[in-house]
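The analysis underlying the following values was restricted to heavy atoms, covering all of them including side chains, and did not include hydrogens, waters or symmetry mates. Count residues from 1 along the sequence.
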Amino acid sequence: TPLHVNFDKEKGETTNFGSLLEMYKNDTTGEQVQMIRLNPGETFPTDELAEGGEELFIYDGSLRIMDEEYVQWGWIRFPPGPPMDKRKTLVAGEQGACVYRKTGHLTEKAMAMEKIQ
């Protein structure tokens, strides 16, 4: 059967920055996929998942890192490990942002497992 993802704003867990919908988690590799909606001007939270590297696909709205803006269909990749300075400045644009977030797939463990398959 085909995979269907519902992008309705009402779905997911309400947070202080917007909402978060857990979409996929692989306990073996550590890979995790989320859909995050950020309210306008909110800082994209940094958590332990980001430390293992992350990729962000902007489905709607925009994200800003310092003076650089990433708009709809933009893609941002943060490799694992420090420095996290730029990552900590990630903010939603004037219309907010809907972001597809993938983490855990860039760690050495996950990359090694992927090569085996």
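More than 12 heavy atoms of other shown residues, nucleotides or ligands fall within 6.0 angstrom of atom CD in Glu69.
Applying the ring pair (Phe, Tyr, Trp, His ring centres under 6.0 Å) definition to pairs two or more places apart or across chains, none involves residues 19-40.
Note that the OG1 atom of Thr103 and the CD atom of Gln32 stand 5.0 Å from one another [nearest 0.5 Å]. Atom-to-atom distance recorded for Tyr100:OH and Gln34:CD is 11.0 Å, nearest 0.5 angstrom. His105 contributes atom NE2, which lies 12.5 Å from atom CG of Asn26 (distance to the nearest 0.5 angstrom). The SG atom of Cys98 sits 4.5 Å away from the CE atom of Met35 when rounded to the nearest 0.5 Å. Separating the CZ atom in Arg64 from the OG1 atom in Thr43 is a distance of 9.0 Å, to the nearest 0.5 Å.
At distances below 3.5 Å, at least one donor-acceptor pair connects side-chain atoms of Gln72 with backbone N or O atoms of Tyr59.
Taking the six-membered ring for Trp and thresholds of 30 and 60 degrees, Trp73 and Phe57 have ring planes inclined between 30 and 60 degrees apart.
Here the closest non-hydrogen pair linking Ala97 and Ser62 is CB-O, 3.4 Å. Contact between Ala92 and Asn39 at its shortest, heavy atoms only, is CB-O, 3.4 Å.
Residues Ile76 and Ile65 form a side-chain contact, since some pair of their non-hydrogen atoms from C-beta on lies under 4.5 Å apart.
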message: What verdict does the salt bridge (Lys or Arg N to Asp or Glu O under 4.0 Å) test give for Arg101 and Glu54, after you've listed the backbone C-alpha separation in whole Å, the side-chain angles of each residue and the deciding distance to 0.1 Å?
response: CA-CA 7 Å; Arg101 179 187 192 208; Glu54 70 183 328; 2.6 Å; yes
- request: Given side-chain contact (heavy atoms from CB on, under 4.5 Å), test Phe44 with Ile36 step by step and report yes or no.
  value: CA-CA 9 Å; Phe44 196 113; Ile36 297 176; 3.7 Å; yes
- request: Apply side-chain contact (heavy atoms from CB on, under 4.5 Å) to Leu63 and Val91, showing your working.
  value: CA-CA 6 Å; Leu63 290 174; Val91 176; over 6 Å; no
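Taking the salt bridge (Lys or Arg N to Asp or Glu O under 4.0 Å) definition, one finds that Glu42 meets it with nothing, sequence neighbours left out.
Here Trp75 and Tyr70 keep their ring centres 6.0 angstrom or further from each other.
Met66 and Val71 fall into different hydrophobic clusters, where Ile, Leu, Val, Met, Phe, Trp and Tyr are joined by side-chain heavy atoms under 4.5 Å apart, directly or via other members.
Among Leu90, Leu38, Asn16, the one residue that satisfies the side-chain contact (heavy atoms from CB on, under 4.5 Å) test with Pro45 is Leu38.
Residues Glu55 and Lys102 are not paired through a salt bridge, judged by the lack of any N-O separation under 4.0 Å between the basic side chain and the carboxylate.
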